[in-house]
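First the structure, in the form of structure tokens, and then the observations on it.
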2 protein chains.
Amino acid sequence: MGQVKESSTNFENRKIMNDACPEVYAASILGTQWTLAICSYLILGKHRFGELRKKIPGITERMLTLKLRELEQQQIVKRTVFAEVPPRVEYELTKIGKDLAPLIAQLDAWGRKHKKLVNSTKYA
Amino acid sequence: MGQVKESSTNFENRKIMNDACPEVYAASILGTQWTLAICSYLILGKHRFGELRKKIPGITERMLTLKLRELEQQQIVKRTVFAEVPPRVEYELTKIGKDLAPLIAQLDAWGRKHKKLVNSTKYA
DNA sequence: CCCATTACTTACTTTTTTTATAGTACCCTA
DNA sequence: TAGGGTACTATAAAAAAAGTAAGTAATGGG
């Protein structure tokens, strides 16, 4: 829950759902734009900031920064800064981050299946 | 992708990612607010509109309608209208909708684990 | 001294999603 | 004939998320 106003109805609603339903909580973490793409690359291994930016088409530096910071706060990603010039920062998944792998595989499988279904019925 | 402007950068970005990554595509379907909560209830069985509204705390009729329509378009939910007064409309999962069950179970498992971890380190 | 490199910030603007509130149609019952 | 139940719609506003564009810092090399 990035920048949610604690006074908003939206905040209340999410809080209640997230507290009551772990699956909703998990989906709300993974379902925002760019987040899962980043995780998918990090599952393949450690990446520098610039590497991620190059691999993820269309992402801006701002968005990449925001999402990485969010993932870091959520303890899904670990950030390591090297005291060099020019700077070098490496990102890698934490233990729980790595635990996403089978979940991502399932999402992938269901996604393929669904896409296939929808496309096959689109013009039927 | 509910009400996205086809001319926006956002539309372009989502399109590219969704086309390339089925897991991102799947997560973007399941990750928006209310969607997974609705599916979770429907996995338990057929529900009427009003039943869902009562079970899902905080949801407005408008949101419930919107999300159900979206799920219907995505062929995840089937809608059946009975020609009665007062009206009766039933919602149930389609085949691919039911295929979400194991995915939801995994989301649930990961969500619990993550929540536990975050809470345990919060004040450490 | 100027430029390149890398990983960001900052200050906005635009787009998308969610919420609020007030209807509507239909028939049945009291 | 007024009110109740059900499943919605319409319109507007608020909130959240994403995108744009222009910096910044530090240092080594030319």
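Chain identifiers are assigned alphabetically (A, B, ...) following the order of the sequence lines, protein sequences preceding nucleic acid strands; residue numbering begins at 1 within each chain.
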When the distance from [atom1] of [X] to [atom2] of [N] is rounded to whole Å, what number comes out?
{"X": "B:F11", "N": "D:dG19", "atom1": "CZ", "atom2": "C1'", "value": "16 Å"}
{"X": "A:M63", "N": "D:dA18", "atom1": "CE", "atom2": "C1'", "value": "4 Å"}
{"X": "B:N10", "N": "D:dA17", "atom1": "CG", "atom2": "C1'", "value": "8 Å"}
{"X": "B:N13", "N": "D:dT20", "atom1": "CG", "atom2": "P", "value": "8 Å"}
{"X": "A:R14", "N": "C:dT17", "atom1": "CZ", "atom2": "P", "value": "13 Å"}
{"X": "B:L66", "N": "D:dA12", "atom1": "CG", "atom2": "P", "value": "16 Å"}
{"X": "A:E12", "N": "D:dA16", "atom1": "CD", "atom2": "P", "value": "12 Å"}
{"X": "B:L64", "N": "C:dT17", "atom1": "CG", "atom2": "C1'", "value": "16 Å"}

ask   = Just checking, A:K115 and B:Y25: is the charged tip under 6.0 Å from the six-membered ring centre and within 45° of the axis?
value = yes

OP1 or OP2 of [N] sitting under 4.0 Å from any side-chain N/O of [X]?
{"X": "B:S8", "N": "C:dT16", "result": "yes"}
{"X": "B:T9", "N": "D:dT20", "result": "yes"}
{"X": "B:K67", "N": "C:dT18", "result": "yes"}
{"X": "B:R69", "N": "D:dT9", "result": "yes"}

ask   = Which comes earlier along DNA chain C counting from the 5' end, the contact point of B:V85 or that of A:G50, where each point is its nearest nucleotide?
value = A:G50

request  = Residues of residues 35-48 of chain A with any non-hydrogen atom less than 4.0 angstrom from an atom of DNA chain C: list those, numerically ordered, please.
outcome  = A:R48

message = I'd like to check the side chain to side chain donor-acceptor pair (under 3.5 Å) partners of A:K98; sequence neighbours left out, ordered by chain and number.
response = none

request  = Tell me what B:Q33 touches on the nucleic acid: a base, only sugar-phosphate, or nothing, going by heavy atoms under 4.0 Å.
outcome  = sugar-phosphate

message = Taking any heavy-atom pair under 4.0 Å as a contact, classify A:F82: base, sugar-phosphate, or nothing.
response = nothing

Is the side chain of [X] donor-acceptor paired with the backbone N or O of [Y] at a distance under 3.5 Å, no angle test?
{"X": "A:E51", "Y": "A:R48", "result": "yes"}
{"X": "A:T94", "Y": "A:Q75", "result": "yes"}
{"X": "B:Q73", "Y": "B:E70", "result": "no"}

query = With distance as the sole criterion, do the side chain of B:R62 and the base of C:dT19 form a donor-acceptor contact below 3.5 Å?
reply = yes

key: Side chain to side chain, B:L68 and B:R79, heavy atoms closer than 4.5 Å   = no

ask   = Is there a side-chain contact between A:W110 and B:I96, using heavy atoms and a 4.5 Å cut-off?
value = yes

inquiry  = Please compare A:G31 and A:P86 by the position of their nearest nucleotide in DNA chain D and report the one closer to 5'.
reply    = A:G31

request  = Could you check A:G58 against B:R79 and say which one's nearest nucleotide on DNA chain D is further toward the 5' end?
outcome  = B:R79

request  = Verify side chain to side chain donor-acceptor pair (under 3.5 Å) between A:S28 and B:Q33, making sure each step is shown before the conclusion.
outcome  = CA-CA 7 Å; A:S28 78; B:Q33 214 168 348; over 6 Å; no

